[in-house]
Amino acid sequence: MNSTEALMEKWEVQLRKGTLELAILAALQQRTLYGLELLKLLQSLPSTTITEGTLYPLLDRLKRDELVDAQWVQEGETRPRKYYQLTPLGNKKLTDLTRLWRQSVTDIEWLLANPGPQPLPNTGV
């Protein structure tokens, strides 16, 4: 792997880390999913592919932060499944993160479309 590929891989990992909480909250928006179901949903999208070893600790943290609630449900003869859903605080956090995400995308899109003819002057700050 050359240095450009390594840099891109590192950047992708950091981007994914920064957006996973938003992705999980968005996936649980207006629905309840059990862990494996949530994992499969996230793995079906190229930018949110994660492992169980990443998902479950993150879900535990979101539960501790009272952003998601979890409930064990017994379905017939199968083993029980832990279902996750957003709490009111989780819905608020999703709204806040969505607003920040959309503003960031808008800002970066503007910068990409308007690179300007010259670099900005160095102000020494």
Next on the checklist: For residues 1-38, which residue pairs pass the ring-ring contact (aromatic ring centres under 6.0 Å, His included) check, not counting sequence neighbours?
Outcome noted: Tyr34-Tyr83
Item to check | Full working for side-chain contact (heavy atoms from CB on, under 4.5 Å) between Leu36 and Lys40 | outcome: CA-CA 6 Å; Leu36 186 58; Lys40 286 179 180 179; 4.0 Å; yes
Checklist entry - Do the side chain of Thr49 and the main chain of Leu45 share a donor and acceptor less than 3.5 angstrom apart? => result yes
Checklist entry - Heavy-atom distance under 4.5 Å between the side chains of Leu42 and Leu39, does that happen here? => result no
Checklist entry - Members other than Leu111 in its cluster, when Ile, Leu, Val, Met, Phe, Trp, Tyr link by side-chain heavy atoms under 4.5 Å? => result Trp110
Checklist entry - Who are the side-chain contact (heavy atoms from CB on, under 4.5 Å) partners of Asn91, not counting sequence neighbours? => result Leu86
Next on the checklist: Taking Gly76's backbone N and O only, do any of them form a donor-acceptor pair with Gln74's side chain (distance below 3.5 Å, no angle check)?
Outcome noted: yes
Checklist outcome for this item: Taken in chain and number order and not counting sequence neighbours, the residues that satisfy side-chain hydrogen bond (donor to acceptor under 3.5 Å, both in side chains) with Thr87 are none
Item to check | ILVMFWY cluster, Leu15 and Leu22 together (side-chain gap under 4.5 Å) | outcome: no
Validation: residues 59-73 side-chain donor-acceptor distances under 3.5 Å, sequence neighbours left out:
from, atom 1, to, atom 2, distance (Å)
Arg61, NH1, Asp65, OD2, 3.1
Arg61, NH2, Glu21, OE1, 3.0

Item to check | From Ile24 atom CD1 to Leu97 atom CG, the distance as rounded to the nearest 0.5 Å | outcome: 11.5 Å
Checklist entry - Are Leu25 and Thr98 side-chain neighbours, meaning at least one heavy-atom pair lies under 4.5 Å? => result no
Item to check | Closest contact, heavy atoms only, Leu33 versus Ala27 | outcome: CD1-O, 3.8 Å
Next on the checklist: Strictly distance-based, threshold 3.5 Å: is any side-chain N or O of Gln103 a donor or acceptor partner for the main-chain N or O of Leu100?
Outcome noted: no
Checklist outcome for this item: Ala26 and Leu94 have their tightest heavy-atom pair at N-CD1, 3.8 Å
Checklist entry - Do Val105 and Glu109 touch side chain to side chain, with heavy atoms closer than 4.5 Å? => result yes
Item to check | Heavy-atom check, side chain of Asp96 versus side chain of Lys92, under 4.5 Å | outcome: yes
Checklist entry - If you measure from CD on Glu37 to OG1 on Thr32, what distance do you get to the nearest 0.5 Å? => result 9.5 Å
Item to check | Partner set under side-chain hydrogen bond (donor to acceptor under 3.5 Å, both in side chains) for Arg16, not counting sequence neighbours | outcome: none
